[in-house]
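Just so it is clear, the model here is predicted, and its values are computed rather than measured. Each chain gets a letter, A, B and so on, in the order the sequences are listed, and its residues count up from 1.
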Amino acid sequence: MNPPSPLYQRIYELARQVPAGRVTTYGRIGKLAGCPARTVGFAMAALPAGSSVPWQRVINRLGEISTRADGDGELVQRQLLKAEGVRFDVAGRVDLAKFGWDFPER
DNA sequence: TTGTTGACTCTGA
DNA sequence: CTCAGAGCCAACA
């Protein structure tokens, strides 16, 4: 019943628009989706495994990976991004100045 | 219906 | 950048 599908689907769609080797933040998607960053994170948390959504390319504003209670999930996401060509610094952070993706429209 | 929690972000110091 | 506080919306009990 009337689940927030439109909103979730919008978030997923935006996340899917992020090309490989690039990362975006929750706030960016949230703003384009019309909702705060928290909702975006919640949508990603509700995102089922095996979905065609590159949720790994979605990180926080600091360029750091934020995952839920999944201890190794963080390592997994980092490895996936690394496989796409994203580099991490010693602090495990991504250089948003180079890998940060900005949507073409606004 | 209210209250709490949550893969967050912004502003000010 | 870090610390602290406030704001925003959605899902769950």
Query raised in the report: Does A:Gln79 CD have over 12 foreign heavy atoms under 6.0 Å away?
Result: no
**Report entry** Within residues 83-92 of chain A or reaching into it, pairs that qualify as side chain to side chain donor-acceptor pair (under 3.5 Å) - sequence neighbours excluded
**Finding:** A:Arg57-A:Glu84
**Report entry** Distance, nearest 0.5 Å, that separates OG1 of A:Thr39 from CD1 of A:Ile11
**Finding:** 6.5 Å
Report task. Looking only at non-hydrogen atoms, find the nearest pair between A:Val86 and A:Phe99 and report the distance. Result -> CA-CE2, 3.9 Å
Report summary line: Residues joined to A:Leu80 in its hydrophobic cluster, side chain to side chain under 4.5 Å directly or through other members, sorted by chain and number, are A:Val76
Would you list the protein and nucleotides 2-4 of chain C atom pairs, both N or O, that sit under 3.5 Å from each other?
residue	atom	partner	partner atom	Å
C:dT2	OP1	A:Arg93	NH2	3.2

Report summary line: For A:Leu7 and A:Ala33, the nearest pair of non-hydrogen atoms, with its separation, is CD1-O, 3.9 Å
Query raised in the report: Any idea which heavy atoms bring A:Gln77 and A:Ile59 closest together, and the distance?
Result: NE2-CG2, 3.7 Å
Query raised in the report: Given atom CD of A:Gln56 and atom P of B:dA7, what is their separation to the nearest angstrom?
Result: 18 Å
Report summary line: From CD of A:Glu64 across to P of B:dT9 the rounded distance in Å is 11 Å
Report task. Heavy atoms only: give me the nearest A:Leu96-A:Arg61 pair and the separation to one decimal. Result -> CD1-O, 3.0 Å
Query - For the student: nearest non-hydrogen atoms of A:Pro48 and A:Ser51, plus distance - result: O-OG, 3.0 Å
Collect all protein-nucleotide pairs involving nucleotides 2-6 of chain B in which both atoms are nitrogen or oxygen and the distance is under 3.5 Å.
residue	atom	partner	partner atom	Å
B:dG6	N7	A:Arg38	NH1	3.0

Report summary line: Closest to the side chain of A:Thr67, out of C:dA10, B:dA7, B:dT9, is B:dA7
Report task. Please report the shortest heavy-atom distance between A:Ala43 and A:Tyr12, naming the atom on each side. Result -> O-OH, 2.9 Å
Report task. Could you tell me the separation between the CG atom of A:Asp89 and the C1' atom of C:dC1, rounded to a whole number of Å? Result -> 13 Å
Query raised in the report: Which parts of residues 15-30 of chain A get close to DNA chain B, meaning a heavy atom less than 4.0 angstrom away?
Result: A:Thr25, A:Tyr26, A:Gly27
Query - Shortest side-chain distance from A:Ala37, nucleotide among B:dA7, B:dT9, C:dA10 - result: B:dT9
Distance-only check: which donor-acceptor pairs under 3.5 Å involve side-chain atoms of residues 14-30 of chain A, not counting sequence neighbours?
residue	atom	partner	partner atom	Å
A:Thr25	OG1	A:Arg28	N	3.4
A:Tyr26	OH	A:Val58	O	3.4

**Report entry** Gap between atoms CH2 and P, on A:Trp55 and B:dA7 respectively (whole Å)
**Finding:** 13 Å
